[in-house]
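This report refers to the structure that appears directly beneath it.
Worth knowing before you read on, the calculation uses all heavy atoms, side chains too, and leaves out hydrogens, waters and symmetry mates.
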Amino acid sequence: MTDDLAPFDFELPRDHIATEPARPRDSATLLHVRPGLPPDPHVIRDLPDFLREGDLLIANNTAVIRAQLAATRGEAKIGLTLDRILADGSWHALARNSRKLKPQDILHFGDDPVTATVIENEGDGAVSIRFSVEGDEFDAFLERVGALALPPYIERPFGPTKQDDADYRTIFSQYRGAVAAPTAGLHFTPEVLAALDAKGIQRRTLTLHVGAGTFLPVRSTIAEHKMHAEWGEIDVETAAAINETRARGGRIVAVGTTSLRLLESAAREDGTVAPWRGETSIFIKPGYRFKAVDVLMTNFHLPRSTLFMLVCAFSGTETMREAYAYAIANGLRFYSYGDACLLERAP
């Protein structure tokens with residue numbers, strides 16, 4: 001594996017970036033990608049046709065919070081994007097105009113009574129802060145003053161809309177804590193889930209709270225790139241279902257790279273999975289040997305990104321470059337609100 005980013009780069013016309021989801025959700029394109037075969041276009045509602053009775057579909061049940069906050073320290077305006085909650089209840093955040101922040105500084109949010117205290121300025125725009133409220137009071141605070149931290153490529157000159165509040169939420173959403181949506185899950189509708197159930201495809205969920213670092217490109221070499229940690233959990237029931245599926249020859253189908261990354265973080269060498277709880281900063285790139293996941297459903301990712309490296313590791317770099325070239329040539333829609341592909345794992 002070299003540190004050359006060129007194999008993971010491609011030209012993407014700006015008009016291929018989706019700024020709204022397909023309506024209905026399950027009418028988006030689903031590109032079936034298999035190593036050694038040409039890309040095969042279908043739609044999301046065809047997904048059950050490509051899965052088998054006894055397969056196990058694993059989706060991410062995280063729910064997006066209003067992670068974008070406008071704060072002040074005196075006269076200085078500080079933009080905050082919450083990244084992840086830490087074990088002691090404080091928050092790691094990315095801050096704009098953060099150079100002068102120092103421990104014990106108090107941040108205010110307009111006229112709202114809730115404040116935040118700076119614990120540490122880590123440099124490079126990263127800070128840790130503690131809010132004056134927790135739990136339900138904190139959730140209510142975010143609803144009052146926060147905004148969705150939509151990816152920077154979804155242009156909203158006046159901020160996220162009411163429609164985004166509905167669109168940027170998956171059918172699996174259950175546990176609040178993600179900054180970004182696990183976007184492969186955005187395609188699922190009750191009709192698709194019913195069709196999966198009718199075919200005997202089992203379903204479970206896990207939790208990975210997607211952090212703000214998911215938007216960051218690789219700015220240095222691959223070897224020097226540091227992945228941001230994200231918190232996740234695989235419960236006892238989901239781990240048992242995975243291991244039972246593996247034992248009887250069924251396949252593990254990950255909905256999204258977030259689900260895949262947590263499954264691979266928890267996997268043993270034999271492909272079984274133990275219940276898991278904690279932070280993961282796993283960086284999957286070509287050369288990685290997959291242990292837990294057999295099939296991956298995912299959206300189309302940014303050039304030179306860790307997520308494009310992940311799909312290249314899964315199905316092969318040449319296979320994915322061919323698939324992305326097909327997607328661009330045929331007007332498929334990229335990124336969070338875009339189309340999806342169903343990837344078979346390379347041998």
Side-chain angles (χ1 to χ4, degrees), residues 7-8 10 26 28-60 182-188 192 195-196 199-204 206 241-242 245-265 267 270-273 282 284-301 305-330 332-334 338-347:
F8 311 106
F10 52 89
D26 57 14
T29 296
L30 180 68
L31 190 66
H32 194 194
V33 178
R34 295 159 292 177
L37 294 171
D40 188 17
H42 296 269
V43 293
I44 297 294
R45 65 178 68 99
D46 295 332
L47 174 64
D49 296 341
F50 305 112
L51 304 182
R52 307 168 189 159
E53 181 179 357
D55 284 349
L56 178 63
L57 191 85
I58 306 280
N60 189 354
T183 54
L186 295 176
H187 298 289
F188 284 80
V192 171
L196 291 166
K199 190 167 181 179
I201 296 153
Q202 299 186 44
R203 295 189 281 114
R204 299 291 305 181
L206 48 71
I242 291 167
T245 300
R246 179 75 62 201
R248 55 180 160 71
R251 299 180 302 172
I252 306 303
V253 182
V255 177
T257 57
T258 61
S259 298
L260 180 145
R261 290 179 64 246
L262 189 57
L263 289 167
E264 291 296 325
S265 296
D270 64 356
T272 60
V273 169
I282 188 171
I284 295 175
K285 50 190 180 291
Y288 178 85
R289 187 178 71 81
F290 290 86
K291 299 182 283 293
V293 177
D294 303 296
V295 180
L296 171 63
M297 179 180 169
T298 183
N299 284 21
F300 290 94
H301 303 294
S305 66
T306 60
L307 297 181
F308 184 60
M309 293 176 198
L310 183 154
V311 297
C312 288
F314 194 80
S315 293
T317 301
E318 287 309 310
T319 295
M320 293 314 303
R321 288 186 64 85
E322 179 184 350
Y324 273 50
Y326 176 94
I328 292 168
N330 288 275
L332 271 63
R333 303 158 66 251
F334 274 61
D339 296 311
C341 46
L342 186 70
L343 308 181
E344 306 281 350
R345 197 175 76 188

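The CZ atom of Arg251 lies 9.0 Å from the CD1 atom of Ile201; values are rounded to the nearest 0.5 Å. Summarising the geometry, atom OG1 belonging to Thr245 is positioned 11.0 Å from atom CG belonging to Leu57; distances are rounded to the nearest 0.5 Å. Remark: Thr317 OG1 to Lys285 NZ distance equals 12.5 Å, nearest 0.5 Å. Atom NE2 of His32 and atom CG of Leu342 lie 5.0 Å apart (nearest 0.5 Å). In this structure, CG in Leu30 is found 10.0 Å from CG in Leu332, a value given to the nearest 0.5 Å. Rounding to the nearest 0.5 Å places CG of Leu31 at 6.5 Å from OH of Tyr326.
Asp49 and His42 share no side-chain donor-acceptor pair at under 3.5 Å. Using modelled atom types and a 3.5 Å distance limit, the side chains of Asn60 and Ser259 yield no donor-acceptor pair.
Between the side chain of Arg203 and the main chain of Ile58, no donor-acceptor pair closer than 3.5 Å is present.
Taking the six-membered ring where tryptophan is involved, the planes of Phe308 and Tyr324 are tilted, since the angle between them lies from 30° to 60°.
A salt bridge between Arg246 and Asp294 is present, with a side-chain N of the basic residue lying under 4.0 Å from a carboxylate O of the acidic one.
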For this session: Determine, stepwise, if the pair Leu296 / Arg345 fulfils side-chain contact (heavy atoms from CB on, under 4.5 Å).
Result: CA-CA 8 Å; Leu296 171 63; Arg345 197 175 76 188; over 6 Å; no
